[in-house]
Amino acid sequence: MLNQIKEKALKEIAQAKDLKQLEQIYRQYLGRKGELTMILRSLKDLSDKERKEKGQLANQAKSEIDEVIKVKRQKLSGQAGLARKKDWIDVSAPGFQPPEGYPHPISLVQRQVEEIFQSIGFSVVDGPEIENEYYNFDALNIPKDHPARDLWDTFWLKDIDRLLRTHTSPMQARYMEENQPPLRIIVPGRCFRHEATDASHDVQFYQVEGLMVGQDVSMSHFKGIVEEFLKQFFGPEVKMRLRPGYFPFTEPSFEVDAKREKGDWLELMGAGMVHQNVFKAVGYPLRKWQGFAFGVGLDRLAMVKYKIDDIRLFYSGDLRFLKQF
Ligand code: PHE
């Protein structure tokens, strides 16, 4: 009989759907007039031996039912809380404002550069970050084993005969293979170099390649366009200087510096007149075309513009820095 009562109680508890039903069950079995309570109460009329045996069983059943009800009560009241929360709207509470995103300073600068060059007739094109040796070097007049390769500390990708592009210049060759002059393009993108980092070098950085080719494109076109670009980007009072430089894919080559507020010069770009060997590599007839190319560091532009003295901040993910733009 005791067992029957216990089984019945446990079954009902398991089926109880809400707290009200559960309290009802509690009362039915363990309440003042509950079935189990009555049995416990009746024990006093039994003989010593019987009372001991039956009493133990009845008390075990009681605490088991009690425990199961407790657990179920917790479960049901959790659900009740959830259900209540969902229905309940505090119309006077302040709204939740999700944090707003904003462009990274490098993206801002990239957009500005694109706009300026588009306004002088350049198209924006994109190229792969994973390159092959041919476009990164050979097509740019840097044959295998040529010491000039050392100018670009390269991340070689194991086993697949590819590398992380060390500059955006490979797109010069890729674009000219597919298109005939006259052409005017810029190629913004990420580049990688396997070199020690310091305040002005990081293993990744952004460049914008520029390329203009036509029948009589000369150095004065280059100088005029770069000057115009720098003026639009930094303001009319910007100071720039051209220095002779060396790149295997341009002849002559030069470097362009901009004056920083603190008075020193920061190298912004490498540039030059496209080498005829590059035209040859892409299948243009020799000496038919001429043009200029440049590669400007986006990070460097951003550093001068926003007076940032350490390039590594751009890639630090530090919100205190990033939130200022
Ligand atoms: N690709 C060169 C570099 O990364 C820069 C450059 C581009 C020089 C175009 C000349 C012409 O250093």
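No experiment lies behind these values; they were computed from the predicted model shown. In listed order, ligands and their atoms are each counted from 1.
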Minimum non-hydrogen distance to atom 3 (C) of ligand 1, winning option of Glu255, Arg165, Gln172, Arg193 | Arg193
Once the angle between the rings of Phe122 and Phe292 is folded into 0 to 90°, is it parallel (under 30°), tilted (30 to 60°) or perpendicular (over 60°)?
-> tilted
Under 30°, 30 to 60°, or over 60°: which ring-plane class applies to His104 and Tyr315, parallel, tilted or perpendicular?
-> parallel
Under 3.5 Å: N/O of Thr166 near N/O of ligand 1 | no
Taking atom NZ of Lys305 as the centre, report whether more than 12 heavy atoms of other residues, nucleotides or ligands fall under 6.0 Å from it.
-> yes
Hey, does Trp152 sit under 4.0 Å from ligand 1 if you only count heavy atoms?
-> yes
Apply side-chain hydrogen bond (donor to acceptor under 3.5 Å, both in side chains) to the pair Gln110 and Glu114, showing each step before the final yes or no.
-> CA-CA 6 Å; Gln110 181 180 330; Glu114 287 175 4; 2.9 Å; yes
In terms of side-chain heavy atoms, does Tyr306 have a donor or acceptor partner in Gln324 at a distance below 3.5 Å?
-> no
Roughly how far apart are Arg165 CZ and Phe137 CZ, rounded to 0.5 Å?
-> 13.5 Å
What is the nearest protein non-hydrogen atom to atom 7 (C) of ligand 1, stated with its residue, atom name and distance?
-> Gly295 N, 3.2 Å
Examine the proximity of ligand 1 to Ser169 and report which part, side chain or backbone, both or neither, has a heavy atom under 4.0 Å away.
-> side chain
Can you sort out which atoms of ligand 1 are near Gln207, meaning under 4.0 Å from one of its heavy atoms?
-> 3 (C), 4 (O)
Note: Phe249, heavy atoms under 4.0 Å from ligand 1, region reported as side chain
Could you tell me if any non-hydrogen atom of Met273 lies under 4.0 Å from any atom of ligand 1?
-> no
Do any N/O atoms on Thr250 end up under 3.5 angstrom from N/O atoms on ligand 1?
-> no
Which residue supplies the protein heavy atom nearest to atom 6 (C) of ligand 1, what is that atom called, and how far is it?
-> Gly270 O, 3.5 Å
Test side-chain hydrogen bond (donor to acceptor under 3.5 Å, both in side chains) applied to Asp257 and Arg241, Arg300, Lys239, the passing residue | Arg241
Can you name the one residue among Ile130, Val203, Asn136 that meets side-chain contact (heavy atoms from CB on, under 4.5 Å) with Leu164?
-> Ile130
Has Glu209 got any heavy atom lying under 4.0 angstrom from an atom of ligand 1?
-> yes
